[in-house]
Number of protein chains: 2
Amino acid sequence: MSTNRNISIRPPRLEDRAPLEAALRATGAFYDFEIAVALDLFDLSTSGRDPSYVFRCAELGGEFAGYMCFGEIPLTRGSYDLYWLAVDPRWGRRGIGHALVDAMMVELCERNGRKVYVETSSRAPYDAARSFYLRAGFRLLVTYADFYAPGDSKVVFERDVSPNR
Amino acid sequence: MSTNRNISIRPPRLEDRAPLEAALRATGAFYDFEIAVALDLFDLSTSGRDPSYVFRCAELGGEFAGYMCFGEIPLTRGSYDLYWLAVDPRWGRRGIGHALVDAMMVELCERNGRKVYVETSSRAPYDAARSFYLRAGFRLLVTYADFYAPGDSKVVFERDVSPNR
């Protein structure tokens with residue numbers, strides 16, 4: 001897993017909202033209502049009203065290049081969901097997704113996290129996402145057949161948070 | 001699956017709150033914070049403020065004997081979670097749990113539901129619940145090892161909603 005030295009991971013700023021929305025749209029993987037949910041969470045988080053959603057942005061050469069949102073799953077002790085991870089397609093294949101996951105793993109370790117899960121769809125627009133998570137150290141845990149809709153299954157990946165990596 | 005003819009399944013009433021709480025406590029399977037969540041949902045639902053949680057109560061000979069709470073999972077089309085099902089231990093072994101599940105399956109069919117899931121814990125107090133769901137037509141889908149806490153896994157059961165059952 002190589003990361004570019006020019007990538008930096010930092011907390012979100014209000015001015016990230018527009019490039020974040022543009023990145024989500026550019027991936028072509030998300031429905032409008034999903035993008036609306038992502039922006040609602042961004043607003044909640046940046047307003048400081050809900051600390052349960054942690055946003056981190058990736059910058060490449062000073063420009064917004066991608067982001068992720070993760071948080072501890074309610075009613076668990078130390079299990080986290082990686083709710084969103086998106087890289088602007090203009091900045092693809094530069095290790096930005098891996099840099100985001102690496103930064104999350106460090107933070108989860110500091111927070112005494114034990115597990116992190118990510119849920120994706122079986123639909124074709126998520127093919128690249130599913131193979132990305134396997135390369136990023138996650139393993140396939142389960143497929144919920146036809147969960148989202150007929151022909152649209154939920155695929156769940158899991159990764160242990162280990163202090164040693 | 002035999003159901004007692006004296007069992008009736010009906011929408012909740014405000015006066016169900018106390019026997020519902022007593023039933024949850026009497027099972028010995030729930031933490032206080034879980035009971036608090038169950039009561040919050042009951043209040044939300046009976047106030048009419050949140051139609052996404054459907055409560056149904058079981059009566060045996062005119063007395064509250066158990067209840068369930070289910071709802072469509074957000075961002076899905078036709079996938080439901082059975083969030084809670086509890087039978088007052090005083091009324092155990094009379095088919096009340098099965099009568100509740102049967103009533104839910106009929107309602108899910110009417111609502112064009114396709115799937116219903118139930119999540120339980122691997123801890124010993126849930127042994128009876130897990131074997132109940134297998135007898136009630138669910139199949140084991142997946143175990144999330146150590147999900148809730150170390151040694152406390154999440155066990156997910158699945159059942160198809162079929163008009164023909």
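To find a chain, count down the sequence lines: A is the first, B the second, and so on, and within it residues start at 1.
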query = For the candidates A:Lys115, A:Arg114, A:Glu158, which exhibits the highest count of non-hydrogen atom pairs separated by less than 4.5 Å from chain B?
reply = A:Arg114
task = Return yes when atom CZ of B:Arg93 has more than 12 non-hydrogen atoms of other residues, nucleotides or ligands closer than 6.0 Å, and no otherwise.
result = no
inquiry  = Do B:Trp91 and B:Leu20 sit in one hydrophobic cluster, given that two such residues count as connected whenever their side-chain heavy atoms are within less than 4.5 Å of each other, even indirectly?
reply    = no
inquiry  = Suppose a student defines contact as a heavy atom less than 4.5 Å from any heavy atom of chain A. Which residues in residues 142-157 of chain B would they list?
reply    = B:Val142, B:Thr143, B:Tyr144, B:Ala145, B:Asp146, B:Phe147, B:Tyr148, B:Ala149, B:Pro150, B:Val156
request  = Tell me, please, which residues at least two apart from B:Asp40 pass salt bridge (Lys or Arg N to Asp or Glu O under 4.0 Å).
outcome  = none
query = If Ile, Leu, Val, Met, Phe, Trp and Tyr residues are connected whenever their side-chain heavy atoms lie under 4.5 Å apart, and connections chain through other members, are B:Val116 and B:Leu134 in the same group?
reply = yes
ask   = Are there more than 12 heavy atoms of other residues, nucleotides or ligands under 6.0 Å from atom CZ of A:Arg77?
value = no
task = Look at the side-chain heavy atoms of Ile, Leu, Val, Met, Phe, Trp and Tyr, link any pair under 4.5 Å apart, and say whether A:Phe30 and A:Tyr67 land in one connected group.
result = yes
query = Applying the 4.5 Å side-chain criterion to the ILVMFWY set and letting contacts propagate, would B:Leu82 and B:Val37 be lumped into a single cluster?
reply = no
key: Heavy-atom contact with chain B under 4.5 Å, split by part of A:Tyr31   = neither
